[in-house]
Novice: 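Structure provided below as structure tokens; questions to follow.
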Amino acid sequence: MTPGGGSGPMKDCEYSQISTHSSSSPMESPHKKKKTAPRRKWEVFPGRNKFFCNGRIMMARQTGVFYLTLVLILVTSGLFFAFDCPYLSEKITPAIPAIGGILFFFVMGTLLRTSFSDPGVLPRATPDEAADLERQIGNNEDIANGSSSGGYRPPPRTKEVIINGQTVKLKYCFTCKIFRPPRASHCSLCDNCVERFDHHCPWVGNCVGKRNYRFFYMFILSLSFLTVFIFAFVITHVILRSQQTGFLNALKDSPASVLEAVVCFFSVWSIVGLSGFHTYLISSNQTTNEDIKGSWSNKRGKENYNPYSYGNIFTNCCAALCGPLSPSLIDRRGFIQPDTPQLAGPSNGITMYGATQSQSNMAAATPLLQSEPSITSEELPLPGKTSLSGPCATLTLGQPTPPSSMPNLTSDTGLTDMIPLKEEHEGHQFLTPEEAPSPPGMLPSGSPITHSHTMHVLSLASQDSLHEDSVRGLVKLSSV
């Protein structure tokens, strides 16, 4: 305190309040980690596919031909509605553009539904499932062959199942690590196993399988009607104009009709032919893949008859076009489940739950955790004994440190070393700091300690020594 009531240096002292809401561990970083948004399954999908609209749209990677399909349909239909429909609706009937519009929207709807949907991709086996299946296959091959060679890859593995009396082989997919179900096949372009695989169509930019085959068939069928419809009325438009102004003048008056007629003429044959081929496949309940390979025969009496056919054209068509639509098996918009925390291994008898490696390294680098002095009974300052401080005992990380106030009962110190310590507290009075003697050479000049006071301290020390000797003698007599 300075004169005049001023606080002096104490006025500049400030105390910082300890926050009780700080991190639970001093080794944790004060900066909180930013939470990462959960990822969806389509982001890590192993196949060669493109996804749009957060996984709602699924397509193949090769989409160039699909955009060509869109351009041809949009341009041809747009020219027809812009240059031909006004004249035809005036000269013939307004129903022509209405029917054309219905066909156009149906074609576009089925095309986008085929291109943007999951064709029936089968999920790949997880690492645990693949390892278990490989183990089972390896055991079966070892039993069949007697031994297995390391560099030899076995032939395609198959299983046999019976469907409607016909034996069907299930092939093993080395990419997806599964046995493909009946009628499934692996698409080399999309790198996926597709259920009831028909073919990969570049015109729609997707595989055609169990979940989008009906939309593909309705697309090519409606496109056939639209192409024939446009081609027929474009020719009608040109004929009606040529009757009034001549053929060449009619072509000059409506050049868009010429372009439409050329496009429709070269495309109608392939589209109509494709529609007829798939109508045959639906009526016999076959796929393009099965028909090309010649897997089944349409006649029931033969050995390789089609086990999937219902024996009736109408029933086969209803099963392919009107049956229930199976759900997607890959759950592409589902969230990836985070990995569950693993228990770390025990360290020096202490189990560490959720401890990270960085925290363990920081703990090992902390000097207080590595070594602490351990006081034994030999180092206790007993009266009449001179004790020397030995080297500090090094403790292993994780071991509890014994309290410094408790002597080690397992040491070589006998009962005689413990009794004087107990009686010292009972029979003698402790010295105050003013009465305690200072070491030689440390007393300042003019010390107030007198000679009589020093003699009193020495007498107390001699009494302690005599008391210790008497106790030792009593212990020896009792032991005899």
Side-chain angles (χ1 to χ4, degrees), residues 52 57 59-60 62-117 199-206 208 212-280 282 321:
F52 305 94
I57 296 176
M59 298 184 66
Q62 298 81 10
T63 55
V65 184
F66 165 72
Y67 296 128
L68 177 62
T69 305
L70 281 179
V71 170
L72 289 176
I73 295 175
L74 292 175
V75 171
T76 306
S77 301
L79 293 176
F80 175 73
F81 289 119
F83 296 97
D84 297 296
C85 284
Y87 182 86
L88 293 173
S89 61
E90 180 183 353
K91 295 295 182 178
I92 302 177
T93 174
I96 294 176
I99 297 174
I102 294 174
L103 288 174
F104 170 76
F105 284 109
F106 193 82
V107 167
M108 293 301 299
T110 53
L111 171 62
L112 297 180
R113 186 68 170 82
T114 305
S115 303
F116 294 165
S117 60
H199 69 289
H200 182 91
C201 183
W203 296 97
V204 300
N206 204 350
V208 178
N212 63 350
Y213 180 78
R214 65 182 64 182
F215 304 106
F216 171 78
Y217 177 73
M218 289 188 287
F219 162 67
I220 58 175
L221 187 63
S222 60
L223 184 60
S224 300
F225 286 115
L226 180 62
T227 306
V228 173
F229 181 83
I230 292 176
F231 182 72
F233 282 101
V234 164
I235 299 298
T236 303
H237 179 206
V238 173
I239 292 175
L240 291 178
R241 280 190 177 273
S242 62
Q243 291 176 355
Q244 297 177 356
T245 60
F247 183 72
L248 294 179
N249 292 330
L251 296 180
K252 292 180 182 179
D253 293 339
S254 59
S257 300
V258 179
L259 180 61
E260 298 168 34
V262 171
V263 172
C264 291
F265 177 79
F266 285 102
S267 59
V268 69
W269 309 107
S270 59
I271 297 173
V272 172
L274 187 63
S275 301
F277 174 68
H278 279 277
T279 303
Y280 155 75
I282 288 178
L321 301 177

Novice: Which distance, rounded to the nearest 0.5 Å, do you find between the OG of S267 and the CZ of F231?
Specialist: 9.5 Å

Novice: Apply side chain to side chain contact (heavy atoms under 4.5 Å, CB included) to the pair F80 and L88, showing each step before the final yes or no.
Specialist: CA-CA 10 Å; F80 175 73; L88 293 173; 4.2 Å; yes

Novice: In the structure I gave you, are the side-chain heavy atoms of L68 and W203 within less than 4.5 Å of one another anywhere?
Specialist: yes

Novice: Please report the interatomic distance CD1(I57) to OG(S115), rounded to the nearest 0.5 Å.
Specialist: 10.0 Å

Novice: Look up atom CD1 in I282 and atom CZ in R214, then write down how far apart they are to the nearest 0.5 Å.
Specialist: 10.0 Å

Novice: Side chain to side chain contact (heavy atoms under 4.5 Å, CB included), that's the test. Do H200 and V208 meet it? Break it down for me.
Specialist: CA-CA 6 Å; H200 182 91; V208 178; over 6 Å; no

Novice: Would you say that M59 contacts F52 through its side chain, given a criterion of any heavy-atom pair below 4.5 Å between the two side chains?
Specialist: yes

Novice: Using only atom types and a distance under 3.5 Å, with no angle test, would you say the side chain of S89 pairs donor to acceptor with the backbone of P86?
Specialist: yes

Novice: Quick check against the 3.5 Å criterion: does T227 have a side-chain atom that pairs as donor or acceptor with the backbone of V268?
Specialist: no

Novice: Testing the basics here: between I230 and E260, what is the closest heavy-atom pair and its distance to 0.1 Å?
Specialist: CG2-OE1, 4.2 Å

Novice: Is it the case that more than 12 heavy atoms not belonging to F225 sit under 6.0 Å from its CZ atom?
Specialist: no

Novice: Name the atoms and distances for all side-chain donor-acceptor pairs under 3.5 Å in residues 91-111, with sequence neighbours left out.
Specialist:
unit_1 : atom_1 : unit_2 : atom_2 : d
T93    : OG1    : A95    : N      : 3.2
T110   : OG1    : F106   : O      : 2.9
T110   : OG1    : V107   : O      : 3.0

Novice: In terms of heavy-atom contacts, does CZ of F265 have more than 12 from other residues, nucleotides or ligands at under 6.0 Å?
Specialist: no

Novice: Please enumerate all residues that pass side chain to side chain donor-acceptor pair (under 3.5 Å) together with R241, with sequence neighbours excluded.
Specialist: H237

Novice: Return yes if a side-chain donor-acceptor contact under 3.5 Å exists between D84 and S257, otherwise no.
Specialist: yes

Novice: Classify the ring geometry between Y217 and Y213 as parallel (under 30°), tilted (30 to 60°) or perpendicular (over 60°).
Specialist: parallel

Novice: Hey, does the side chain of N206 reach the backbone of S117 with a donor-acceptor pair shorter than 3.5 angstrom?
Specialist: yes

Novice: Under 6.0 Å from the CZ atom of F83, do we count more than 12 heavy atoms belonging to anything else shown?
Specialist: no

Novice: Give me the ring orientation class for F216 and H199: parallel if the planes are under 30° apart, tilted from 30 to 60°, perpendicular past 60°.
Specialist: perpendicular

Novice: Is a donor on one side and an acceptor on the other found under 3.5 Å between the side chain of T245 and the backbone of S242?
Specialist: no

Novice: Could you grab the distance from atom SG of C264 to atom CZ of F233, nearest 0.5 Å is fine?
Specialist: 13.0 Å

Novice: Between OG1 of T69 and CD1 of I73, what distance do you get to the nearest 0.5 Å?
Specialist: 6.5 Å

Novice: I need the I239 CD1 to T236 OG1 distance, nearest 0.5 Å.
Specialist: 6.0 Å

Novice: Checking the side chain of S77 only, and the main-chain atoms of L74 only, is there a donor and an acceptor separated by less than 3.5 Å?
Specialist: no

Novice: I'd like to know if the side chain of S254 and the backbone of A250 have a donor-acceptor N/O pair within less than 3.5 Å.
Specialist: yes

